[in-house]
Amino acid sequence: MSYDALNDLLSARHSCRAFRPDPVPRGVIEQILTAAQRVPSWCNAQPWQVLITSGAETDSFREALQNEVATGAPKPDLPFPSAYTGVYQDRRRTCGWALYEAVGVEKGDRAGSAQQMMQNFALFGAPHCAILHSPADLGPYGAMDTGGYVAAFTLAAQALGVATIPQAAVASYGPFLHRYFDIPENRLILCAISFGYSDTDHPANGFRTERASLDETVTWQG
């Protein structure tokens, strides 16, 4: 693949927040997984494990997750950020307000913003959800390696016309996910990826986030 083709793929990929119900064929999902498996990892440990739901299993999980959110409290396996400050807070707010503007939620509309937030736990209507976890013994390095896998998964999916959204929100209910999917306690649940075909007409898919310039993120030495 040329640099231009890769850059176009990276530019086209975005977090999809409304999906069509059409399932992705099993062969296409396997292509995505095969490509993602090629990412580098510390000592080639390949610590990721991926659980994928389809069809009625996705719908059952979606319903159970929403019930858990309504009655339980978040408790992620991987600690969430203690705070967003400075430019990181600015970027987070910019992204959030762009989404709210796209779907017609005005500033100060707490009910509207809460309703949109709950779409996370409806998996944005996606027909599939991938739950990613890594060994607790590998700690941050297992999580870092799995982050590379997430990037490769989303890019491979984009190349095949499949939309994705990596979700920390789903992973915030760690104990529930361990119980529901019988995931061993010695695995850290890191994130979910909801995926399927984009509902391109939905307003939630009508905005794109910006990226910082190299001057903001790179320090040159020599």
So CD1 of I189 and OG1 of T146: to nearest 0.5 Å the spacing works out to 12.5 Å
Over 60° means perpendicular and under 30° means parallel, so classify the ring planes of F176 and F61, tilted if in between.
parallel
Strictly distance-based, threshold 3.5 Å: is any side-chain N or O of S134 a donor or acceptor partner for the main-chain N or O of P47?
no
Which heavy atom of V39 sits nearest to which heavy atom of A152, and what is that distance?
CG1-CB, 3.1 Å
Taking atom CD of Q115 as the centre, does the number of heavy atoms from other residues, nucleotides or ligands within less than 6.0 Å exceed 12?
no
Is it true that E57 and R62 have a side-chain N and a carboxylate O under 4.0 angstrom from each other?
no
Where is the tightest heavy-atom contact between F207 and A102, given as atom of each residue plus distance?
CD2-CB, 4.0 Å
What residue pairs, at least two apart or across chains, pass ring-ring contact (aromatic ring centres under 6.0 Å, His included) with a residue in residues 131-167?
W42-Y141, W48-Y149, F153-F195
With distance as the sole criterion, is a donor-acceptor pair present between the side chains of S54 and H128 under 3.5 Å?
yes
Check whether more than 12 heavy atoms from other residues, nucleotides or ligands sit under 6.0 Å from atom OH of Y3, and answer yes or no.
no
Does N7 have more than 12 heavy atoms from other residues, nucleotides or ligands lying within 6.0 Å of its CG?
yes
What heavy-atom pair brings A157 and T164 nearest, and what distance separates the two atoms?
CB-CG2, 3.6 Å
Can you get from L132 to V24 by hopping between Ile, Leu, Val, Met, Phe, Trp and Tyr side chains that sit under 4.5 Å apart?
yes
Side chain to side chain contact (heavy atoms under 4.5 Å, CB included), that's the test. Do N67 and E63 meet it? Break it down for me.
CA-CA 6 Å; N67 289 338; E63 181 179 358; 4.0 Å; yes
Determine whether E185 and R179 satisfy the following criterion, salt bridge (charged side-chain N to carboxylate O under 4.0 Å, His left out), listing intermediate values before the conclusion.
CA-CA 9 Å; E185 293 298 326; R179 292 194 310 272; over 6 Å; no
Ion pair check, E101 and K107, cut-off under 4.0 Å
no
Got a sec, which residues hit ring-ring contact (aromatic ring centres under 6.0 Å, His included) with Y100, two or more places apart in sequence or on another chain?
W97
Separation of I52 CD1 from R26 CZ (nearest 0.5 Å):
8.0 Å
All heavy atoms of T154 vs all of P166, minimum pair found to be CG2-CG, 3.9 Å
Minimum side-chain heavy-atom gap I32-L160 below 4.5 Å
yes
Check: N205 side chain, D199 main-chain N or O, donor-acceptor pair, under 3.5 Å:
yes
For side chain to side chain contact (heavy atoms under 4.5 Å, CB included), just list the numbers for I29 and V162, CA-CA rounded to whole Å, side-chain angles, deciding distance to a tenth of an Å, and then say yes or no.
CA-CA 9 Å; I29 298 175; V162 176; over 6 Å; no
Strictly distance-based, threshold 3.5 Å: is any side-chain N or O of T58 a donor or acceptor partner for the main-chain N or O of P127?
yes
Do H178 and D77 have side-chain N/O donor and acceptor atoms under 3.5 Å apart?
yes
Is any side-chain heavy atom of L10 less than 4.5 Å from a side-chain heavy atom of L155?
yes
Does L78 share a hydrophobic cluster with L138, counting links as ILVMFWY side-chain heavy atoms below 4.5 Å and allowing steps through other members?
no
Considering all heavy atoms, the nearest P25-Y197 contact:
CD-OH, 3.4 Å
Considering residues, nucleotides and ligands other than E106, do more than 12 of their heavy atoms fall under 6.0 Å from its CD?
no
Just wondering, are more than 12 heavy atoms of other shown residues or ligands nearer than 6.0 Å to CG in D137?
no
Between atom CD1 of I165 and atom OG of S194, what is the distance when rounded to the nearest 0.5 Å?
7.0 Å
Separation of R211 CZ from S11 OG (nearest 0.5 Å)
9.0 Å
Distance-minimising heavy-atom pair for C129 and L123
CB-CD1, 4.0 Å
Rounded distance [0.5 Å steps], CD in Q167 versus CZ in F121:
8.5 Å
Would L65 and M118 show up in the same hydrophobic cluster when neighbours are defined by side-chain heavy atoms closer than 4.5 Å?
yes
Going hydrophobic residue to hydrophobic residue with side-chain gaps under 4.5 angstrom, can you get from L51 over to L190?
no
Going from CG on L188 to CD1 on I183, what distance comes out if it is rounded to the nearest 0.5 angstrom?
11.0 Å
Close side-chain approach of S172 to K75, heavy-atom, < 4.5 Å:
no
Could you tell me whether R208 atom CZ has more than 12 heavy atoms of other residues or ligands within 6.0 Å of it?
yes
Enclosure of Y88 OH (heavy-atom neighbours >12, cutoff 6.0 Å)
no
Let's go through R17 and L99 carefully: what are the C-alpha distance in whole Å and the side-chain angles of both, what is the deciding distance for side chain to side chain contact (heavy atoms under 4.5 Å, CB included) to 0.1 Å, and is it a yes or a no?
CA-CA 9 Å; R17 291 180 173 86; L99 170 60; 3.7 Å; yes
Considering only heavy atoms from C-beta outward, does the side chain of S15 approach that of F124 to under 4.5 Å?
no
In the single-linkage hydrophobic clustering (I, L, V, M, F, W, Y; side-chain heavy atoms under 4.5 Å), do F181 and V69 co-cluster?
yes
